[in-house]
Amino acid sequence: MLALSFIREHPEVVRAGAARKGEEAPVDAILELDREHRTALAEVEGMRAEMGRRSAELGKSARSEPAAADQARQSLAGLKSRISELDAKRKLLWDRLEELLLLVPNPPHQSVPQGVGDEDNVVVRTWGERPHFDFQPRTHYDLGEQLGIFDFERAVKISGSRFAMLRGKGARLERALSWLMLDLATRDHGYEEVAPPYMVSRECMVGTANLPKFEEDAFHVVEGDRFLIPTAEVPVTNMYRGEVLDGARLPIRHVAWTPCWRSEAGAPGKDTRGYIRLHQFSKVELVKFVHPEESLAELESLVQDAESVLQALGIHYRVRLMCSGDMGFAQWKKYDIDAYAPGLDRFLEVSSCSVFGDFQARRANIRFRTGGGRPEFVHTLNGSALALPRTLDCLLETYQTAAGTVVIPEALRPYLGAMTEIS
RNA sequence: GGGGAGGUGGCUGAGUGGCCGAAAGCGCCCGCCUGCUAAGCGGGUGACGGGGGUUAACCUCGUCCGAGGGUUCGAAUCCCUCCCUUCCCGCCA
């Protein structure tokens with residue numbers, strides 16, 4: 001959410017920012033409502049001030065002059081009903097204003113390239129090289145089926161399409177990957193691990209801007225009006241909702257390994273084959289709360305922290321700076337990390353790292369205070385490090401052998417009882 | 001699920017109808033003192049929003065004592081609903 005005062009003072013910036021994202025912000029409606037609301041507010045407050053004054057006088061004189069007090073009581077009752085009538089109208093204006101404010105997208109940072117879609121994203125670096133095979137590399141789903149580590153058919157039998165199941169060494173391999181990711185984050189990069197709830201309240205979803213605009217993307221649990229988390233970003237960012245943090249504690253870094261649920265309603269027919277796009281998948285997520293001046297630098301280090309996983313695994317990847325039209329509603333600046341899958345011969349998005357400025361902090365009311373100063377909004381960031389299914393896919397396809405087995409990369413062996421190969 | 005107690009500022013915690021945006025302490029800020037540090041002494045210090053202002057300091061008005069309603073001229077204080085915390089009982093991995 002943007003500050004109303006910011007929209008008031010820079011309406012053209014807000015309009016242009018939305019346009020860069022290919023969206024529209026209801027700026028004119030907001031400004032009009034804001035004017036009406038402030039007029040009403042001034043009137044109501046003036047009447048309240050008078051009410052308060054006369055009420056206090058009445059309290060003092062009630063005993064000494066009972067007749068006059070009675071008359072004052074009646075006239076105040078009239079004033080009171082006029083106030084509540086006017087205030088009800090004022091409240092209506094405010095509610096509409098708040099609804100519209102939640103629909104204004106975060107304008108992209110100036111360093112974000114202008115663009116409308118995937119082709120306008122900018123590759124900022126690549127790491128490693130495409131692995132070379134002297135045979136035709138298989139896809140992860142062919143490999144996995146032959147090795148008996150995927151059981152897609154039974155997953156569909158149990159839960160329907162877009163659900164998957166790992167078994168045996170596959171399940172263990174994904175767990176090992178998760179543990180490696182958690183260890184890198186906690187041991188090497190200073191993140192505190194948290195194990196958050198997998199269901200959250202509506203308020204949390206609004207705080208991270210998954211609601212109200214994107215309700216159809218999430219699974220709703222009717223009982224208790226809760227939502228299955230689409231990412232650990234939601235519970236972890238909301239950990240400090242409504243709090244004033246000690247500025248000396250910043251930056252706060254958290255890592256969480258959780259399942260994620262997404263309805264994927266807007267993606268029919270895309271990536272239907274394989275272990276790629278699922279209603280439920282597991283992910284290691286990094287979340288940071290930082291000083292406003294440091295947030296852009298913290299984004300760079302966040303991306304590096306995510307990259308370190310692929311480097312440890314020796315998987316070829318590229319980092320792309322997302323163009324304005326390919327960013328989300330709430331993001332200020334965003335990088336994607338795409339790992340290469342030789343069998344599919346394409347890059348798979350395994351991470352998305354974003355900085356939100358104070359956009360989420362404003363919605364969730366997360367502030368900090370340094371010394372005796374006034375509270376300020378923190379800046380929030382998050383990124384996957386990494387999404388498990390696609391990382392597993394790239395690993396299988398990268399480390400496959402001509403015989404159809406998969407060699408375990410060195411970094412993972414300690415987590416697999418020194419297993420060197422899946423066969 | 002049943003019954004009791006409770007939710008007050010960054011934190012702890014007083015406050016049962018007007019003198020309360022709220023005692024006291026902690027923390028924090030400024031100053032003094034102490035040749036370091038700690039302690040001590042004095043003063044200051046809630047948030048959000050509107051209006052004014054040389055747009056900074058500041059002045060002024062309103063709202064806020066878990067959330068939402070209600071009673072009253074007037075509510076942190078009384079009533080109702082909900083949420084949460086905690087204790088006892090029941091149930092249960």
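Sequence lines set the chain letters: A, B, ... in the order given, protein chains first and strands last, and positions in each chain run from 1.
We find that CG of A/L97 is positioned 13 Å from P of B/G49, with the value rounded to whole Å. Atom CZ in A/R48 sits about 16 Å away from atom C1' in B/G51, given to the nearest Å. For the pair A/M1 CE and B/G49 P, the interatomic distance rounds to 10 Å; values are reported in whole Å. The distance between atom CZ of A/R90 and atom P of B/G62, rounded to the nearest whole Å, is 15 Å. A/F377 places its CZ atom 13 Å from the P atom of B/G10, with the value rounded to the nearest Å. Spacing between atom CD of A/E57 and atom C1' of B/G74 amounts to 13 Å, rounded to whole angstrom units. Distance, A/L86 CG to B/U63 P: 14 Å, rounded to whole Å. Atoms CH2 (A/W94) and P (B/C48) sit 14 Å apart, rounded to a whole Å.
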Any chance you could lay out the side-chain contact (heavy atoms from CB on, under 4.5 Å) test for A/F163 and A/F281, step after step, and finish with the verdict?
-> CA-CA 9 Å; A/F163 283 91; A/F281 66 100; over 6 Å; no
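Using a 3.5 Å distance cut-off with no hydrogens or angles, the side chains of A/H37 and A/R90 do pair a donor with an acceptor.
Nearest-nucleotide positions on RNA chain B for A/A42 and A/M51 put A/A42 closer to the 5' end.
The aromatic rings of A/Y240 and A/H254 lie parallel to each other, their planes meeting at an angle below 30°, with 60° marking the opposite boundary.
On a pure distance criterion of 3.5 Å, a polar donor-acceptor pair joins the side chain of A/E45 and the base of B/G49.
Checking the phosphate oxygens (OP1, OP2) of B/G49, no side-chain nitrogen or oxygen of A/R38 falls inside 4.0 Å.
Taking the six-membered ring for Trp and the full ring otherwise, A/Y275 and A/F150 have centroids separated by under 6.0 Å.
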